[in-house]
Amino acid sequence: MSNDTTYQWRKQVVWGLVLIAFGAIFLLDQLNILDIHDLWHYWPLVLVFIGLTRMIGSPTPSEFSSGLWMVFIGTWLFVVFNNAFDVSFRNSWPVLLIGGGIVMVVKPLLEKRAQQKKGNSHE
């Protein structure tokens, strides 16, 4: 199996497991075993999970940087919605500028590294 095939297979399995988990949560809610309203403050972690699935395996620099951004946004939203460390939208919005800057710095470095690897493999 090639890296691309393995990467796509892994992503499909992960997304299948996510779909199973969401179905089980909604089923348990319908059966009054679990109250889904208690889980809604965890929804930003879905963004973190999506970002991590983009970052694992053999992603392109673009996929990796977009995954990094999603992890960053999901973590920030989770902290803000849960008012952890007294963080709110009002006092933490500059963190978005910092995160955007980090992603903008990391992406060209990853692209340069990918080009170097590609150049070394053709020699």
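As a basis for the values below, the full set of heavy atoms in this structure was taken, side chains included, without hydrogen atoms, waters or symmetry mates. Note that this is a predicted model, so its numbers are computed, not measured.
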message: Just verifying a value: how many Å separate T53 OG1 and E63 CD, rounded to the nearest 0.5 Å?
response: 9.5 Å
message: Applying side chain to side chain contact (heavy atoms under 4.5 Å, CB included), can you list everything that pairs with E111, at least two apart in sequence or on another chain?
response: P61, K107
query: So do F78 and L47 actually touch side chain to side chain, heavy atoms under 4.5 Å?
result: no
L31: partners by side chain to side chain contact (heavy atoms under 4.5 Å, CB included), with sequence neighbours left out: L27, I33
message: Working to the nearest 0.5 angstrom, can you tell me the gap between S92 OG and D86 CG?
response: 11.5 Å
message: Let me confirm one number: the CG-CG distance from L68 to L52, rounded to the nearest 0.5 Å.
response: 10.0 Å
field: R54 to S66 - nearest heavy-atom pair and separation
entry: NH1-OG, 2.9 Å
message: To check you understand the geometry: which heavy-atom pair defines the closest contact between S88 and V80, and what is its length?
response: C-CG1, 4.0 Å
query: Should F72 and W93 be regarded as members of a common hydrophobic cluster, given that ILVMFWY residues are connected when their side-chain heavy atoms come within less than 4.5 Å of each other, either directly or indirectly?
result: no
statement: Taken in chain and number order and not counting sequence neighbours, the residues that satisfy side-chain hydrogen bond (donor to acceptor under 3.5 Å, both in side chains) with T75 are none
- request: For this output row, return yes or no: ring centroids of F81 and F89 closer than 6.0 angstrom.
  value: yes
message: Give me the atom names and distance for the closest heavy-atom approach of V48 to V71.
response: O-CG2, 3.6 Å
Would you be so kind as to tabulate the donor-acceptor pairs closer than 3.5 Å made by side chains of residues 95-104, with sequence neighbours excluded?
none

query: With a cutoff of under 4.5 Å between side-chain heavy atoms, which Ile, Leu, Val, Met, Phe, Trp and Tyr residues group with L109?
result: V105
- prompt: Who passes ring-ring contact (aromatic ring centres under 6.0 Å, His included) against W15, sequence neighbours left out?
  reply: none
